[in-house]
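Reading through the C-alpha cells given below for one structure.
For reference, positions follow the sequence shown, starting with 1.
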Amino acid sequence: MSAPQRILFVCVHNSARSQMAEGMLRAWGGGDFEVHSGGTESSTVKPEAIAVMAELGIDISGHASKTIERYLGQTWDALIPVCEEACEACPYVPGAKRVERWSFDDPGVGITDPEERMADFRRVRDEIAAAVRDLIVRTNS
C-alpha cells in the first residue's frame with residue numbers, strides 16, 4: 001500500500017471554499033489522502049459553509065480557520081489554491097510537487113438575502129464537489 005497523497009487546499013481566509021474542499025476530500029477520499037487547508041490570512045469558518053456541508057452529511061463544524069504558515073517546509077503532493085486571490089497571493093510553497101489552480105467564486109459575497117446567500121453557497125459547494133471527485137478519480141487511476 002502506498003503512502004497517502006498529501007493535499008493542501010489554500011484560499012485567502014480559509015473560511016469557506018478551502019474548508020469545504022478539505023471536508024469533502026477527507027470524507028470521500030478515505031485513506032488515500034492526507035488533507036489540510038489554510039489561508040493567506042485566518043478568519044472564522046463561515047456558518048453557511050458548515051450548513052451546506054451538513055446537507056451532504058459532512059461535518060466541518062470542528063474545523064478552524066488557519067494560515068498556511070504552519071504547513072510551510074512540509075512536502076505536499078499537491079498544493080491547490082481554490083480562488084483567484086489565493087493563486088495571486090499564495091506564496092511559493094517549496095515542497096509542493098505540483099500546483100493545481102482551481103478557481104471558485106467567493107460564495108455569498110454581496111448577497112444579503114439569506115435564501116439567495118445559501119443558494120450561492122450550495123452552488124459553489126457543488127462546483128467544488130465536482131472538482132474534488134475528479135481529483136479522487138485522477139489520483140486513483
Side-chain angles (χ1 to χ4, degrees), residues 1-93 95-141:
M1 184 172 157
S2 61
Q5 292 278 304
R6 297 194 76 229
I7 309 295
L8 178 61
F9 291 107
V10 179
C11 203
V12 174
H13 296 110
N14 190 224
S15 63
R17 294 166 284 188
S18 53
Q19 293 286 350
M20 290 191 284
E22 177 185 357
M24 289 172 191
L25 191 53
R26 281 186 193 276
W28 300 334
D32 294 332
F33 298 92
E34 177 188 336
V35 59
H36 300 274
S37 69
T40 54
E41 305 170 15
S42 66
S43 177
T44 58
V45 180
K46 293 181 180 175
E48 298 94 339
I50 293 169
V52 299
M53 291 298 289
E55 293 173 356
L56 298 180
I58 300 172
D59 182 6
I60 64 168
S61 63
H63 285 203
S65 178
K66 54 217 165 285
T67 65
I68 62 169
E69 276 75 27
R70 69 178 61 204
Y71 302 119
L72 298 178
Q74 298 181 32
T75 301
W76 299 97
D77 292 292
L79 170 70
I80 306 177
V82 294
C83 64
E84 283 302 316
E85 297 87 353
C87 289
E88 294 170 10
C90 184
Y92 172 70
V93 177
K97 295 177 183 173
R98 74 179 188 277
V99 176
E100 292 190 23
R101 296 185 182 278
W102 298 358
S103 183
F104 302 103
D105 294 336
D106 193 355
V109 169
I111 301 173
T112 56
D113 178 76
E115 288 180 22
E116 290 178 18
R117 192 169 167 83
M118 287 301 290
D120 198 46
F121 268 84
R122 288 183 187 103
R123 177 187 61 81
V124 173
R125 174 204 62 197
D126 293 346
E127 291 172 1
I128 294 169
V132 168
R133 287 186 181 106
D134 179 66
L135 175 66
I136 293 168
V137 168
R138 286 185 289 116
T139 302
N140 291 329
S141 56

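Taken from CZ in Phe121 to CZ in Arg17, the straight-line distance is 9.0 Å, to the nearest 0.5 Å. Summarising the geometry, atom CD1 belonging to Ile60 is positioned 6.0 Å from atom CD belonging to Gln19; distances are rounded to the nearest 0.5 Å. Annotation: the span from Glu100 atom CD to Leu135 atom CG amounts to 5.5 Å, rounded to 0.5 Å. Separating the CD atom in Glu34 from the CG atom in Leu8 is a distance of 10.5 Å, to the nearest 0.5 Å. To the nearest 0.5 Å, the span separating NE2 on His63 from CE on Met20 amounts to 12.0 Å. Atom OG of Ser43 is separated from atom NE2 of His13 by 6.0 Å, given to the nearest 0.5 angstrom.
Judged by distance alone, the side chain of Asn14 and the main-chain N or O of Lys66 form a donor-acceptor pair under 3.5 Å. In this structure, the side chain of Arg125 does not engage the main chain of Met53 through any donor-acceptor pair within 3.5 Å.
Ionic pairing of Arg117 and Asp120 is not present here: no N-O contact between side-chain nitrogen and carboxylate oxygen is shorter than 4.0 angstrom. Taking 4.0 Å as the cut-off between side-chain N and carboxylate O, Asp77 and Arg6 do not count as a salt-bridged pair.
Nearest approach of Ser65 to Val45, heavy atoms of both residues: N-CG2, 3.9 Å. Met24 approaches Val132 most closely through the heavy-atom pair CB-CG1, 4.0 Å.
At a threshold of 4.5 Å between non-hydrogen side-chain atoms, the residues Asp32 and Ile136 do not count as touching. By the 4.5 Å heavy-atom criterion applied to side chains, Cys83 and Val12 are counted as neighbours. Residues Ile128 and Val82 form no side-chain contact, since every pair of their non-hydrogen atoms from C-beta on lies 4.5 Å or further apart. Proximity of Leu25 to Phe9: side-chain heavy atoms (C-beta onward) are separated by under 4.5 Å at one or more points.
Ring planes of Trp76 and His36: perpendicular class, angle over 60° (limits at 30 and 60°).
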